[in-house]
K.L.:
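Structure in C-alpha cells, see below.
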Amino acid sequence: MDFIHPATKEIAQNLLGKLLVHKTHACIYSGFIVETEAYVGMDDMACHSYGGKNTPRLQSMYKAGGTIYVYTMHNHHMLNIVTKEANNPQAVLIRAVEPAEGIEQMAANRQQTGILISNGPGKLTKAMAITKELDGTVMNEGALYIDEENSKEPNKIITAPRIGIPNKGDWTIAPLRYYVKGHPFVSGMAKKETLPSTKIWKNVL
DNA sequence: ACTACGATCGACT
DNA sequence: GTCGATCGTAGTT
C-alpha cells in the first residue's frame with residue numbers, strides 16, 4: 001500500500017478490508033480492518049499535530065507515511081498509521097477489526113467473546129497485543145504488517161463524522177470516519193443494521 | 001510539584 | 001441514552 005501519495009482520507013478508505021497482522025513470539029494475530037478515521041494534519045483541529053504542535057509523544061506523526069503511531073489515553077492504546085511525507089503530520093486511526101487468526105488468544109487477552117473482542121480502538125489493540133513498543137516502527141518492516149494477498153474488499157463504505165471530537169467546529173462534523181457497511185464489528189453498530197457476510201464483502205459467498 | 005484534559009470503555013438507567 | 005473511573009502527557013509554577 002502507498003501511505004504517502006494518496007490523500008489521507010483515501011488511504012483511510014483503502015485500508016478497509018485489509019488484513020492487519022501482528023506477529024509476536026507467542027502468537028500470530030490478524031484481523032480485517034472494518035473502521036478507520038482520517039486525521040488530516042496541521043489544519044485539523046481534532047488532530048494531535050494541529051497547528052504544528054510537536055512533543056515527544058508526537059514524534060512518530062512527523063515521520064514518513066507508513067510509520068506506526070501508538071499513544072495511550074485512559075489506559076488504552078490507540079493504533080494509527082502515519083500518512084504523507086515526513087513533516088506533514090497526518091494519520092489514520094484504526095478503530096475496529098474483524099478477528100481472523102489468533103481469535104482464541106484475542107478472546108483471552110480481552111476476557112470477552114464475539115464482537116466485544118475488537119469493536120473499538122482500545123479493544124482491538126488489547127486483543128492483538130499492540131503496545132507502545134510498536135510506536136515509531138514502520139508498517140511491513142517489523143512485527144506489524146498488512147497482508148494484501150489475503151485482504152477483502154467492502155461492498156459499500158459508509159462515511160460519517162469522527163467519534164469523540166466535541167467542540168471543534170467544522171472539524172467535529174467533518175466526514176472523516178469510514179466503515180464497512182453492515183459489518184457487526186464496527187464500533188457502536190446496532191444489531192439490526194448488520195448484514196450477512198455475503199452482502200458485506202465483494203466476492204464472498 | 002501541581003493541574004487540566006482527553007481520538008475510551010463499561011456499567012448503569 | 002448518561003456517567004464515572006483513572007492515568008499518561010504536557011503545560012505551568
Side-chain angles (χ1 to χ4, degrees), chain A residues 3 7-13 15-16 20 31 33-63 65 67-84 88-99 106-136 139 144 158-180 184-193:
Chain A
F3 293 113
T8 297
K9 55 185 179 180
E10 289 175 18
I11 296 170
Q13 291 171 77
L15 279 166
L16 295 175
L20 177 72
I33 298 170
V34 299
E35 181 181 1
T36 60
E37 285 178 2
Y39 288 82
V40 296
M42 303 199 199
D43 296 331
D44 180 353
M45 288 177 70
C47 189
H48 289 164
S49 58
Y50 173 60
K53 180 179 170 182
N54 195 352
T55 67
R57 178 183 75 152
L58 284 171
Q59 287 305 300
S60 299
M61 282 283 282
Y62 286 81
K63 295 184 180 168
T67 301
I68 293 158
Y69 170 44
V70 178
Y71 71 95
T72 60
M73 72 148 327
H74 289 89
N75 281 2
H76 300 285
H77 296 287
M78 300 289 152
L79 172 64
N80 301 257
I81 303 171
V82 176
T83 61
K84 309 306 292 183
N88 184 352
Q90 306 192 28
V92 175
L93 171 68
I94 310 299
R95 284 192 56 88
V97 303
E98 173 195 334
M106 290 191 208
N109 292 348
R110 282 275 299 137
Q111 301 277 60
Q112 291 285 1
T113 58
I115 63 173
L116 294 176
I117 290 173
S118 58
N119 66 340
K123 300 178 189 181
L124 78 91
T125 54
K126 186 165 187 187
M128 295 181 72
I130 290 166
T131 71
K132 284 176 61 174
E133 288 182 21
L134 292 167
D135 182 59
M139 197 57 119
L144 199 62
I158 301 293
T159 299
R162 293 173 291 187
I163 303 293
I165 315 286
N167 309 317
K168 295 286 195 293
D170 289 345
W171 294 102
T172 291
I173 58 173
L176 294 172
R177 174 181 178 228
Y178 308 97
Y179 61 88
V180 179
F185 280 80
V186 173
S187 65
M189 172 70 59
K191 193 172 182 182
K192 64 180 182 180
E193 295 177 50

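Predicted model, so just to flag it, every value in this text is computed and none were measured.
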K.L.:
Would you say a side-chain N or O of A:His74 is under 4.0 Å from OP1 or OP2 of C:dA5?
P.N.:
no

K.L.:
Could you check how far NE2 of A:His48 sits from P of C:dG11, rounded to whole Å?
P.N.:
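My rounded result for the distance is 13 Å.
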
K.L.:
Walk me through whether A:Ser187 and A:Glu35 qualify under side chain to side chain contact (heavy atoms under 4.5 Å, CB included).
P.N.:
CA-CA 8 Å; A:Ser187 65; A:Glu35 181 181 1; 2.9 Å; yes

K.L.:
Please give me the minimum heavy-atom distance between A:Ser49 and A:Met61, naming the atom from each residue.
P.N.:
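Nearest pair, atom of A:Ser49 first, then A:Met61: OG-CE, 3.6 Å.
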
K.L.:
Please determine if a side-chain N or O atom of A:Arg95 lies less than 4.0 Å away from the OP1 or OP2 oxygen of B:dT8.
P.N.:
yes

K.L.:
Rounded to whole angstrom units, what separation is found between the NZ atom of A:Lys168 and the P atom of B:dC5?
P.N.:
11 Å

K.L.:
The side chain of A:Tyr71 lies closest to which of these nucleotides: C:dG8, B:dA7, B:dG10?
P.N.:
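Ranking C:dG8, B:dA7, B:dG10 by closest atom to the A:Tyr71 side chain puts B:dA7 first.
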
K.L.:
With respect to the side chain of A:Pro121, which nucleotide from B:dC9, B:dG6, C:dG11 is positioned closest?
P.N.:
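Of all the options, the side chain of A:Pro121 is nearest to B:dC9.
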
K.L.:
For DNA chain B, whose closest nucleotide is more 5', that of A:Thr72 or that of A:Ser187?
P.N.:
A:Thr72

K.L.:
Whole-Å distance between C:dT9 P and A:Lys53 NZ?
P.N.:
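My rounded result for the distance is 12 Å.
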
K.L.:
Using a 4.0 Å heavy-atom cut-off across all strands, classify A:Ile165 as base, sugar-phosphate, or nothing.
P.N.:
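Since only primed, P, OP1 and OP2 atoms lie under 4.0 Å of A:Ile165, the category is sugar-phosphate.
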
K.L.:
What is the base-pairing partner of B:dG6, counting Watson-Crick and G-U wobble geometry with both distances under 3.5 Å?
P.N.:
C:dC7

K.L.:
Measure CD1/A:Ile68 against P/B:dA7 and give the value in whole Å, please.
P.N.:
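Spelled out: CD1 on A:Ile68 to P on B:dA7 is 21 Å.
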
K.L.:
Only one of A:Thr55, A:Leu58, A:Asn54 passes side-chain contact (heavy atoms from CB on, under 4.5 Å) with A:His48; say which it is.
P.N.:
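When side-chain contact (heavy atoms from CB on, under 4.5 Å) is applied between A:His48 and each of A:Thr55, A:Leu58, A:Asn54, only A:Leu58 qualifies.
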
K.L.:
Send over the distance from A:Leu58 CG to B:dA7 P, rounded to a whole Å.
P.N.:
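Distance check: A:Leu58 CG to B:dA7 P gives 11 Å.
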
K.L.:
Which nucleotide in the set B:dG10, B:dA7, C:dG8 lies at the smallest distance from any side-chain heavy atom of A:Met73?
P.N.:
B:dA7

K.L.:
Among C:dC7, B:dT8, B:dA7, which nucleotide has an atom closest to any side-chain atom of A:Met78?
P.N.:
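Closest of the options to the side chain of A:Met78: B:dT8.
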
K.L.:
Using a cut-off of 4.0 Å on non-hydrogen atoms, how would the nucleic acid contact of A:Arg177 be classed: base, sugar-phosphate, or nothing?
P.N.:
nothing

K.L.:
What's the verdict on side chain to side chain contact (heavy atoms under 4.5 Å, CB included) for A:Val92 and A:Tyr39, showing C-alpha distance, side-chain angles and the deciding distance?
P.N.:
CA-CA 6 Å; A:Val92 175; A:Tyr39 288 82; over 6 Å; no

K.L.:
Where the side chain of A:Thr55 is concerned, which of C:dA5, C:dA10, B:dC9 is the nearest nucleotide?
P.N.:
C:dA10

K.L.:
Does the side chain of A:Thr67 come under 3.5 Å of the side chain of A:Ser60 through a donor N or O and an acceptor N or O?
P.N.:
no

K.L.:
Is there aromatic stacking of A:His76 against B:dT8, centre distance under 5.5 Å, plane angle under 30°?
P.N.:
no

K.L.:
Among C:dT9, B:dA7, B:dG10, which is the nearest nucleotide to the side chain of A:Lys132?
P.N.:
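For A:Lys132, the side-chain atoms sit closest to C:dT9.
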
K.L.:
Report which part of the nucleic acid A:Arg57 touches: base, sugar-phosphate, or nothing (heavy-atom distance under 4.0 Å, all strands).
P.N.:
sugar-phosphate

K.L.:
Would you kindly give the NE2-to-P distance between A:His77 and C:dC7, to the nearest whole Å?
P.N.:
13 Å

K.L.:
Tell me the interatomic distance from A:Ile115, atom CD1, to B:dG10, atom C1', rounded to whole angstroms.
P.N.:
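Whole-Å distance recorded here is 14 Å.
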
K.L.:
Let me know the distance between CZ of A:Arg162 and P of B:dG6, rounded to the nearest Å.
P.N.:
14 Å

K.L.:
Among B:dC9, C:dT6, B:dA7, which is the nearest nucleotide to the side chain of A:Lys123?
P.N.:
B:dC9

K.L.:
Grab the two heavy atoms, one from A:Arg162 and one from A:Ala38, that are nearest each other, plus how far apart they are.
P.N.:
NH1-O, 2.9 Å

